[in-house]
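Everything on this sheet refers to the single structure shown next.
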Amino acid sequence: MGSFHIPQSQNPRLYTTERSVLSQRCYGEDGVRIPRATLKEAQTALLEYLHSTRSIQFVDAENMSKNSPHFLRNLLKKVEIVKDVRRSMSRFLRYHPINEFEPFFESLGLKPCEYTPLLPRDLMFLSDDCLLLENYRVLCEFGVERNKIGQIYKKAVQVFQHDSGVLLLKLQAYQKLGLSQSFIAKIIVYSPHVLTGDIDIKFIKVLEMLNGLGFDYAWIKEHLSEKEFYNWSMIFRVLKFFREMGCSSELGGLISQHPRLLFEGSSGRVLSLIAFLLKFGLRMDRISSMFLQFPEIQVSHFASNIIRFFLFFQEIEMEVDEIGKIVCSYPILLGSCTLKKTSSLLHDLNVGKKRLCKYIQENPQELSKWGMGTRVRPLPVSGEGVESQKLKTKFFLDLGYRENPNMLKKAFKVFRGRGGELQERFDTIVNAGLDQEDVSKMVRVSPQILNQSKALIQSKIDILVNELGFPLSSLILFPSYLSYTTQRVRLRLAMYNWLKDQGKAKPDLALSTIISWSDKIFLSQCVNNHPSGPQVWEDLKAEFTRDK
């Protein structure tokens, strides 16, 4: 290659008009300013080392030295500067060879966090990977911007593993199909996988279909992004699907208005959305109409909003048929609104699940008013609501809140459910065999125990008495038991009984203590008392999770 010498000067000139990335970044990661002259000297020393010592072509060495600021700053930290930065750097590099792949990948536009996982394990010198360098130079000569080549390597390393001459033949094959060199140079940055196998026929078909609809290559380039991964086979399927849906005449206008339908997520999100709607029975012509009215919103966001509504309908226990009717009748409304959380809506609307289901079925357009960031007002009190309030008030007064109006107000906030339901849940505990006065005291101490269905209360009492062997009177001392999940109760008691059998737990530990302790305290006070305790605890958790 011959030697290369740069004349000594205070401000050495690098023979290029291209502005250096490094020259624009004079601050280190710690915020300390590195003098521009120091950076220039270090840059020159690295260039001389790469070209003269390591025999890397001048153009490549120059690009590496000028466009690897992070690498160069880290290198400067290791060098003991004695008066002259350039000489100190040169002396250091003479005895401390660098991993050349680091400045190389950084000069290709990759950040350290991006290229670190890509570094070859057993190589330090670029000359050890001849195919990488050859294919890199083919791309450069073809017109691909150097600082974009890193994205190609990151997405499709196979491009740089082609045997000598193969990559150029692939590029020329696309040119023979009528694609311009500048267009190919851009496309392979966005979609480098078109160079990993044979000619991507689906890619060519997509271009032909888009050209037929009046979209030129400039429009296609404009709507592609380096951040996306493009599956041309999937995009072709979506175009074909739109045609089969009967959108042929409007397809050009649809794509022009909403190009993200094609290019966002390689159209996979569009196909997923279509499949979701078809499952609810939405007809093809309605889906076609929906896309023609599609709002200015990302497809992924639109689909996420619909799924959010679907989960909301499930949480308020709406019938499946009713969910299907709303999804099929109002897909645009559901997809355009990001719904608030179910718990927030139940609180803001001041309504129970049954009434909310009925209200939505009668007033589906109101759903658009319950999005994130909107103020949701309580629903007007219905005739049924007035009757429920009367029953609720009577229940509270019978429970002993008669003498204290403030306690009565708090009770209305704590207890969820209709008046008749609260009385029914109360009677369920009494009918299990407890005295009514005892149950009244239990509810005053732990009012949340009535915020559960009658069936769930019966199930928890049955588990306590018949499965775990505790007397029913345990509820009087520990009414909050009914608030805990059955999984937590079973897990805690299974662990406690195992420790008791091993002689590592107090035999008279109260039920309230075993259940109400936080996981952290339970582990420190009980589980860790035995060497095998943590493992047994994890095994039991896995077992109960599986059973659930």
Side-chain angles (χ1 to χ4, degrees), residues 316-317 343 346-347 350-356 381 384-494 496-497 508-518 522 544 548:
I316 63 174
E317 299 170 13
S343 56
L346 290 172
H347 177 270
N350 191 26
V351 68
K353 293 180 179 180
K354 288 183 180 178
R355 188 187 170 204
L356 184 55
V381 179
E384 291 180 11
V386 172
E387 182 62 28
S388 175
Q389 290 290 87
K390 289 180 181 178
L391 291 173
K392 210 180 234 187
T393 302
K394 180 179 182 304
F395 174 75
F396 292 146
L397 293 176
D398 292 344
L399 203 58
Y401 288 98
R402 188 180 304 275
E403 300 84 4
N404 194 330
N406 290 329
M407 290 291 289
L408 187 61
K409 286 182 181 179
K410 290 181 180 178
F412 268 99
K413 292 181 180 180
V414 172
F415 289 101
R416 293 197 301 269
R418 304 171 66 81
E421 290 173 337
L422 292 176
Q423 186 64 55
E424 185 181 56
R425 295 165 188 172
F426 180 90
D427 293 342
T428 299
I429 303 174
V430 173
N431 294 336
L434 292 176
D435 183 74
Q436 184 165 332
E437 183 57 33
D438 288 333
V439 177
S440 296
K441 291 178 182 177
M442 288 168 55
V443 173
R444 287 198 293 272
V445 172
S446 300
Q448 71 276 8
I449 65 177
L450 293 186
N451 290 336
Q452 306 173 78
S453 68
K454 173 184 173 181
L456 187 55
I457 292 172
Q458 287 175 329
S459 171
K460 289 183 177 181
I461 292 174
D462 181 63
I463 290 170
L464 178 72
V465 176
N466 298 322
E467 182 180 323
L468 303 176
F470 284 87
L472 185 63
S473 57
S474 302
L475 287 175
I476 300 173
L477 297 174
F478 183 42
S480 292
Y481 158 82
L482 292 172
S483 301
Y484 292 98
T485 65
T486 56
Q487 184 182 9
R488 179 189 179 101
V489 171
R490 285 170 167 152
L491 175 60
R492 290 289 182 91
L493 285 166
Y496 172 71
N497 289 333
D508 56 350
L509 206 58
L511 176 66
S512 58
T513 302
I514 299 170
I515 304 303
S516 61
W517 266 345
S518 68
F522 186 72
F544 282 109
K548 180 183 178 182

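No hydrogens, no waters, no symmetry mates; every other heavy atom, side chains included, goes into these values.
- To the nearest 0.5 Å, atoms CG (Leu509) and CD1 (Ile514) are separated by 4.5 Å.
- We find the CD1-CD distance between Ile429 and Glu424 to be 12.0 Å, quoted to the nearest 0.5 Å.
- Put simply, the side chain of Leu482 reaches to within 4.5 Å of the side chain of Ile461, judged on heavy atoms.
- Trp517 and Arg488 get closest at one heavy-atom pair: O-NH2, 2.9 Å.
- Inter-residue side-chain proximity for Leu475 and Phe470 is flagged as unmet; no heavy-atom pair is nearer than 4.5 Å.
- Two residues are said to be in side-chain contact when any heavy atoms from C-beta on lie closer than 4.5 Å; Lys460 and Tyr484 fail this criterion.
- Under a 3.5 Å cut-off, the side chain of Arg490 and the backbone N or O of Phe544 do not form any donor-acceptor pair.
- With hydrogens and angles ignored, the 3.5 Å screen pairs no side-chain donor or acceptor of Asp438 with any backbone N or O of Leu434.
- Summarising the geometry of Phe426 relative to Leu450, their closest heavy-atom pair is N-CD2, 3.9 Å, with the distance given to 0.1 Å.
- Judged purely by distance below 3.5 Å, without hydrogens or angles, the side chains of Asp462 and Asn466 pair a donor atom with an acceptor atom.
- In terms of heavy-atom proximity, Lys353 sits nearest to Ile316 at CB-O, 3.6 Å.
- When atom types are taken as modelled, the side chain of Ser459 and the backbone of Ala455 share no donor-acceptor pair closer than 3.5 angstrom.
- The side-chain heavy atoms of Val439 and Asp427, taken from C-beta on, include no pair separated by under 4.5 Å.
- Ser453 contributes a side-chain N or O that, together with a main-chain N or O of Leu456, makes up a donor-acceptor pair within less than 3.5 Å.
- Residue Val489 comes nearest to Leu468 through the heavy atom pair CG1-CD1, 3.5 Å, listed as atom of the first residue, atom of the second, then distance.
- Heavy atoms only, all atoms of each residue included: Ser483 and Ile449 are closest at OG-CG2, 3.6 Å.
- More than 12 heavy atoms of other shown residues, nucleotides or ligands fall within 6.0 angstrom of atom CD in Glu467.
- Residues Lys441 and Pro479 fail the side-chain proximity criterion, which asks for heavy atoms closer than 4.5 Å.
- A distance of 11.0 Å separates CG in Leu493 from CD1 in Ile463, rounded to the nearest 0.5 Å.
- Under the 3.5 Å distance criterion, the side-chain polar atoms of Arg492 are left unmatched by any main-chain donor or acceptor of Leu511.
- Between Arg355 and Glu317 there is no salt bridge, since no side-chain N of the basic residue sits under 4.0 Å from a carboxylate O of the acidic one.
- Two residues are said to be in side-chain contact when any heavy atoms from C-beta on lie closer than 4.5 Å; Leu422 and Arg425 meet this criterion.
- In this structure, the side chains of Phe478 and Ser446 stay at 4.5 Å or more apart for every pair of heavy atoms.
- Every residue was checked against the ring pair (Phe, Tyr, Trp, His ring centres under 6.0 Å) condition with Tyr481, not counting sequence neighbours, and none meets it.
- One finds the CG atom of Leu464 at 12.0 Å from the OG1 atom of Thr486 (value rounded to the nearest 0.5 Å).
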